[in-house]
Every structure is written in C-alpha cells, then in structure tokens.
Colleague: 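Below is one structure. I have some questions about it.
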Amino acid sequence: MTDQRQANETRRDNEDQHGGHQANEALQLLHQLSAKYQWVSVLQHASTLRMAEDDGSLKLLPHQQLHVAAYRILALLQTRQLERATAEISALGTLSEHNPKYRYESYAKLYAEARCGSFVPFCLHVVALEAAIRRGEAGAVDAIHAHAARVSGVQRALLLSCAACAHARVGQMEASVEVVLQLVRENYNQHALQTLSRALLAVGDVECATNVVDSVATRDATLDALLSAVKGEYAEALARYQSECGGGKTAVSNGAVCLLHLGRLEEAVRLVETAVLDGGEDVLDEGVLFNLATMYELAEPEGAAGKKSQLANVASQRGRQGFDVQLLNR
Amino acid sequence: MRDASPARSGPHALTFRVMRLTVPLPTRTNPLPFTAVNTPADIFENAPVWEAEGAPCGIGSLTVLPSSFGSIYAYETFRSFVSVFNRSQSAVESVVVNIMMQTASQKRIPLFENHKPLPLKSRKSMNNVVSITLSELGVHVLVCTASYRDNGQTRSLRQFFRFNVLPPLEPTLSVVPLYRRLDAIPIASPPIPSSTYLHYLVDLRLLNAIPMPLYATKAVFEPKAPYSVRALRRDDESRLQTLDYMLKHGRRAVIGAGDITTFLFHVYRKLPLQLSSSLWDGAEVRRPQYDSSSKNSTKYLGKIAISWRSAAGEHARMEQEVVLSNIQDKQPEIEVGVCAVPQDIHVHQPFVVRCAARNNTDTERRLYLQIRRDLVGDIVPVGVSGVSLGDVFPGQIARCGITMIALVRGQHTLSGIRVVDIDSKVSYKADSPSITVL
C-alpha cells in the first residue's frame, strides 16, 4: 500500500471515529426541532448530545460542536433565558475568524479533506449579536451594522432585520424605519414592501404607509384592514377582517380590537375566546391571549383572575414550547 | 385600566372600568429566529406562524391593547372605553350613566348620558366609547356617574379618573412688514402714487414638544379679507411621503423630538385708490384709500390651521390666529430719505433734491417736510424751506422736491432735512448724503 493511500485511510478512520453518520443525524434532528420552534426539545436534545460526547458514545467534529452550541444558544434566547445564553456565548470566547480555536487548520488531522478558514457558523454570530442587543450592551447595534457590511444576500437581509429591531428596542424608531428602507432597496419585492408598510404604521406614519401600500401591485387584505383601523374606520376594518383575511389569528384578534373600538365588548370577548378554546395551536400567540386577558379585565373585573388562570392553563397545555405564560399576568 | 374606589356607605353594586383606546398600530416583537444553521430562510416569506417567535424586522400584524393610559397630548382626540359592571348577585334597575369631561379650566363637557333608565343584570356590563378633542393643557378629570336602584334603594356612584394633558407643539409666530428701501423706488415725473400694497412675512415656527417624532405636519394659512396669502415653503410635503422619494432620499417629512420646523407665508393686501389732490400743483392723482373706521379689523390677518400626526398614530389639529400686534417693527415710524439729486451740481445754480417719506405705522399721519436752515451748512433751500406732504396713509410713500443752491464748491453733505408729524410734533431725520459741488 502506498504512503498516500495509507494516509487517506488513516484520515477516513479518524472521521469515522469522530461521529460521521451519527453526528449528522443528531444535527439533523436539532435542525428539525428548531424549524418547528420546539425550543425546549432543542435544549433537551442538545444536552443529550453533550452528555453523549462526555461519555464518549458520540464524537462531534469541532464545527459540529459549534453548530450544536448555536442551536442551544438560539433556544435559550427564544425561551427568554438571556443570562444562560450570555454565559454560554462568553464560554465560547471570541468568535473572530482569526481565533485558531475555530479554524479548520487547527484540526487538520480530524478532517478527511483539507479544509481551511473559520468554521464559526453565521447564525452563531447572529445569536451572539442579538444577545448583546437584548442585554442593552453599548455598541451592539453598531456591531450588527458592521457585520452586515461584511456579508451579502440573505445573510445581510437577516442582519438588517435584526438591526431594524435593535434600533426600535432602544427607541430609535426613525433609524429602525431607515434600516427597513435599506432592506427594501436591496430586496425590492412585494413582501419587503409590505414589511415597510407595517414598519411605517408601527411608528404612526399613516400617510407614508398608505402610499407604500398603494405602490404594491398585489393587495394584502390584512394590511388593508390594518390601515382602515389605524385611520379610525373600525367598521370597515372589521368587515375586511371577517371577510377577506381568512379567519386566522390576526383577523380574529385585530377584529376583536375593532369591536372594542365600536363598543361591542362582549362580542369581542366571544370572538377571541372561541378561537382560543376551539382553534389550533397557531392561534395561541402571546398577543392574542394578552388581548383576551385585557378584555376579561374590562368585561368581568371580578372574575378576570380566574379567567386568566384558565388561559394560562390552555397555553401551557396546547401552546407551543417557549410560550411566555407570564405575559398574561402583566 | 382604572378601577372604582369603594363607596362611602356600603359597597356599590356597580363599578366603573375605564380603558383608554389608542390607535391600533402593529405591535413590535423579536427579529426572525433562525430555522436552519448556515442556510437562513427567506426572511420575508418564511416567517414563523407565531409573531411572538419573531417577524421580519420585528414588526408583526397583530395589534395589542394598551396596558396603561400613556401620555395624552392636547389637540388629539382622547378616546376611552367606559364600562359599568354589575358585580352584585342580583340585577339592578333604572341605571342612568353620565360621563363628562372636566377640563383644566373647570369647564364641564358632557360626553354621554343614557336618558332612558335601563336595568342591568348580574355580572353584566353597559359599555360606551366616548371621545373628545382636548384643547386645554393641564389636569383633566373624566367624571363617571351612575345612578341606579338596588333592592328598592336609589344609589349614586361617582368615579373620577384624572390625567394630565401635555402640550404637543410650541408655536412661535412673528409678523414682519416687508418694505423696499426708499432710495430703491424709481422717481418718475410727474410723481406717481406710492405702493398700493401692504406686504407682510408671517413666520411660524413649531417646536415638537412630544418625546417622539411627528409626521404629515401641515400649516395652511386661511386669510381674512381683504388679505391674500402665498405659501413660501419650498418642500411639497406630499412629495416627500411617496415611496420613490423615500427610496431615493430617505425620510424627510419627519420632525424629531425637540426639532423645529418653519412655515413662511407672504400675506398682502391691496389698498383701494381714491381721487385726491396731488402734492404737485393741484393735479389730480389717485391716492390709496384708508378707511380709518375699520383700521382695527384690518389688524387681523387670518388664522393658520396646523395639523400633524404623532408617532402614536394620533391625528391632531390646532389653530393659530395672526394679528398685526405681533409685528416686529424695526423700522422707524416715519422713514425719511433723499431719493435723488442731479449728477452735476454747480455752485450758485439751483438744483432740485427729490425726497420721500414713508409711513411705517398703522395710522394715518399728517406730515410736513422741513429744511432746518440752522443745520443746512453751505447747501441752502431756495424760497420755501418746507412742503406739506398732506395725509399719509399707513404704508404710503409721499414724495416731493425741494429746490436748493450750493454756496461753495467742494464736497458737502445735504443735512437739515426733516419730516415732522404735525399732530405729535415728532421730527424724523433723513440721512445726509454727500454731494460734490462743481
């Protein structure tokens, strides 16, 4: 056997020893769970993988370990465990592309094919930036913009989306809209324009939002209904929600808000209550249940606490993993 | 949301609940989460079903009800959901609900009253939405009263919900009369009547006193006859709000917190002419007519309707009256000047000096042009040393010529020229131009 063939066999043996098939399946499961937003399951599975690694039954390559860490930190953020997420990010150290701890060259013996460069996944950078934003760290917004300047395509769009949200969190509403405008310039399509319309509405600029909606070739029924409501045309907005918006949670909840503006509180409560108790899990969005809890306080002040407790039970039993039940008590 | 406080004599069967209704804007949530590592989904089309998970740019479509009263600003429409709830185990009868707003100046404005008494079953509520545009600043009180019969006993419940109304804008208005310099007005022979228009520049400055941006800010001047108006602001607000403009230039039609925006208007009126004797040898000329009996009414130029929308989505409107008492008058009351002298002036040869006087006040004046012989130096008047300018109306320019003669060659100043207000005896001095006597 030649020296070259022997070296290749050695490398393949090394990769087999470091997981291979089993590791790929584990990562695939993490991906599937996160695609369904099952963050508690993601955390459990990530812990299982860690324990398997510790006891030697599973070997993950260095880049696979970082992928697992990325999913884990994302799940911690989505379940509002900011401190734990921050601790795990800190434990990773610097994610810079120059850090040899996260470069393929440092682990050449482990990879069958020669690889070079940083193997820090893009989403790990993003969750680290998002965690800094949520901690209120100075310079976090600038860091997102700096990273966005280094990437392109969908990655840049995702970072600009985070930046728009980050500006709004610190009260820089106009800066938030300017970022969305930049996003539209780089991704000029119907959905981007609808996002711009909502961004303009969210800062109260109804006139500009109306102009943008009129520029879109395909009308969005929900956006039209939202515009009618913002302009004070609650009866028209309600009619749109009931007839054109498909009966989803937005139509139900926003329609109930219109009913409230029209003084029809009992109807509003019935509308949302029916959807929450009889509908699917997609209706169990925090905003919908918060509105129902608020309407309970208005309609039945004496019995509101009991009703809100029932809502919390429904959310715990049928809601998605990571539902923020504490929101109902605010 | 605000609750009822306990009644003085035993608990009431009814209780009021009040919730402020704000403009239902889309709510903010988290940015999109990743659904795959290293291959992010299309952020606009593959958003999570639940907005609490995340949305593109963290902006959803759901509207969330307010959890507090929030800040209330003047000239916005205050809307509130008022519910009276029967918390007792039995029905009550003859319920009459009265809702009124007590303003900061103690004015009481009725908002709702059901004139026909109604029963209210146990655990049921009577609901109303009340709205009012608040034009006063300061503490307001929403007074909710319910009278009812409970077990044969007539009772009355009164609740007070206090809130403070804050100023949204701080307007500053100034009215500046527009004049042309006397010496820039061409002198013709025979003399023509002076300008028959009054011109004013109205400068409106608006300071945004709200801690959030304002949009769609407009100021429309509604002049009162006989005034006309021309808006001088260069930017067309509606153009700034189009998508094309925003994509090219960003957002411009925004007034940030603490920022100032300015509106300029040119307000003018024409003075009607009447036949009158001329200053010149009795020839008839048309003179501006000024009706002194209506001089107070012409001080009111009109009003400016200011409208805007706040970042909370609330639309507001206020009016600002414009009166001439706002005039920043930096001009002298009577402006006197030497308009023209001949190019070649020779010693011992008479020459005519053209003078003019403008009435910058808002009242008619009787004026007299006088050459003070004790101040003239070596350029002295020939014959009469004064000319009556007659009745000079506000804004009117009266012109005349005085014949002078130079006694000595050389460089001199034309001094001693005055205009005297015959009634007040106040004297107004003209500038002293330099002339060369050959």
Side-chain angles (χ1 to χ4, degrees), chain A residues 31 34-35 37 67 70 74 78 121-123 154-155 157-158 161-162 164-165 168 173-174 177-178 180-181 185 191-192 195 198-199 201-208 211-212 215 222 226 229-230 250 253-254 257 260-261 263 265 282 285-287 290-291 294 297-299 301-302 320 324 330, chain B residues 1 3 15 17 19 21 23-28 30-38 40 42-45 48-53 56-65 67 81 83 85 87 123 125 127-129 212-213 215-216 241-243 246-247 250-251 254 256 309-313:
Chain A
H31 170 67
S34 65
Y37 311 102
H67 283 178
L74 176 59
Q78 293 299 99
F122 173 68
C123 75
V154 181
Q155 291 185 348
L158 273 160
S161 172
C162 290
C165 194
M173 311 310 277
E174 280 304 307
V177 176
E178 288 291 345
V180 178
L181 265 174
R185 288 185 191 110
H191 299 287
T195 299
R198 287 200 301 276
L201 278 180
V203 296
D205 197 343
V206 179
E207 283 71 22
C208 279
N211 289 339
V212 174
S215 307
T222 304
L226 205 50
V230 169
T250 305
S253 184
N254 289 5
V257 171
L260 194 61
H261 279 262
L265 174 61
D282 60 324
D285 207 334
E286 277 85 328
F290 180 82
N291 282 350
T294 303
E297 288 189 6
L298 207 51
E302 307 269 303
R320 72 187 191 287
D324 184 8
R330 287 183 203 158
Chain B
M1 202 178 309
D3 201 352
T15 180
R17 299 288 285 175
M19 185 178 83
L21 295 175
V23 175
L25 302 178
T27 189
R28 294 211 168 251
N30 295 316
L32 278 179
F34 280 88
T35 56
V37 173
N38 276 347
D42 182 315
I43 71 164
F44 296 115
E45 291 196 57
V49 170
W50 303 281
E51 287 187 2
E53 280 292 347
C57 303
I59 304 160
S61 296
L62 279 177
T63 297
V64 176
L65 292 170
S67 54
F81 188 98
S83 170
F85 178 73
R87 58 184 177 183
R123 305 296 181 192
S125 62
N127 307 316
N128 292 287
V129 173
M212 52 181 159
Y215 314 107
Q241 294 166 340
T242 61
L243 175 62
M246 282 194 293
L247 288 176
R251 283 164 58 68
V254 178
R309 192 181 290 275
S310 73

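Please read all numbers here as calculations on a predicted model, not as lab measurements. Quick note: numbers below take in every heavy atom, side chains included, and nothing from hydrogens, waters or symmetry partners.
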Colleague: About how many Å separate CZ of R17(B) and CD of E297(A), when rounded to the nearest 0.5 Å?
Modeller: 6.0 Å
Colleague: Rounded at 0.5 Å granularity, tell me how far CZ in R198(A) sits from OG in S61(B).
Modeller: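 Going from the CZ atom of R198(A) to the OG atom of S61(B) covers 4.0 Å.
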Colleague: Find the one option among E174(A), M173(A), E302(A) whose heavy-atom pairs under 4.5 Å with chain B are most numerous.
Modeller: E174(A)
Colleague: Search all heavy atoms of P33(B) against all heavy atoms of P48(B) and return the closest pair with its distance.
Modeller: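 The answer is CD-CG, 3.8 Å.
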Colleague: Let's test your reading of the structure: which of A157(A), A202(A), G287(A), A164(A) forms the most heavy-atom pairs below 4.5 Å with chain B?
Modeller: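 Option with the greatest count: A202(A).
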Colleague: Please report the shortest heavy-atom distance between E53(B) and R320(A), naming the atom on each side.
Modeller: OE2-NE, 2.9 Å
Colleague: Give the member of G58(B), P26(B), G313(B), P56(B) that has the highest number of heavy-atom pairs under 4.5 Å with chain A.
Modeller: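 Looking at each of G58(B), P26(B), G313(B), P56(B) in turn, P26(B) comes out on top.
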Colleague: Could you report the tightest heavy-atom contact between L181(A) and M246(B), atom names first, then the distance?
Modeller: CD1-O, 3.9 Å
Colleague: On a heavy-atom basis, which atom in W50(B) and which in D282(A) lie closest, and how many Å separate them?
Modeller: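 Nearest pair, atom of W50(B) first, then D282(A): NE1-CA, 3.3 Å.
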Colleague: Considering non-hydrogen atoms only, spot the tightest contact between V129(B) and H261(A) and give its length.
Modeller: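 Nearest heavy atoms, V129(B) then H261(A): CG2-O, 3.6 Å.
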Colleague: Below 4.5 Å, heavy-atom pairs only: which of T250(A), N211(A), V203(A) has the largest tally toward chain B?
Modeller: V203(A)
Colleague: Side chain, backbone, both or neither: which part of R28(B) has an atom under 4.5 Å from a heavy atom of chain A?
Modeller: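 Contact with chain A is through the side chain of R28(B) alone.
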Colleague: Chain B heavy atoms under 4.5 Å from A299(A): which part of the residue, side chain, backbone, both or neither?
Modeller: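 The answer is the backbone of A299(A).
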Colleague: Under a 4.5 Å heavy-atom cutoff, which of N127(B), L243(B), L65(B) has the most pairs with chain A?
Modeller: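 Highest number of heavy-atom pairs under 4.5 Å: L65(B).
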Colleague: So what's closer than 4.5 Å to chain B heavy atoms on T222(A): side chain, backbone, both or neither?
Modeller: side chain
Colleague: If I measure from the heavy atoms of chain A, does T27(B) come under 4.5 Å with its side chain, its backbone, both, or neither?
Modeller: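 No part of T27(B) comes within 4.5 Å of chain A.
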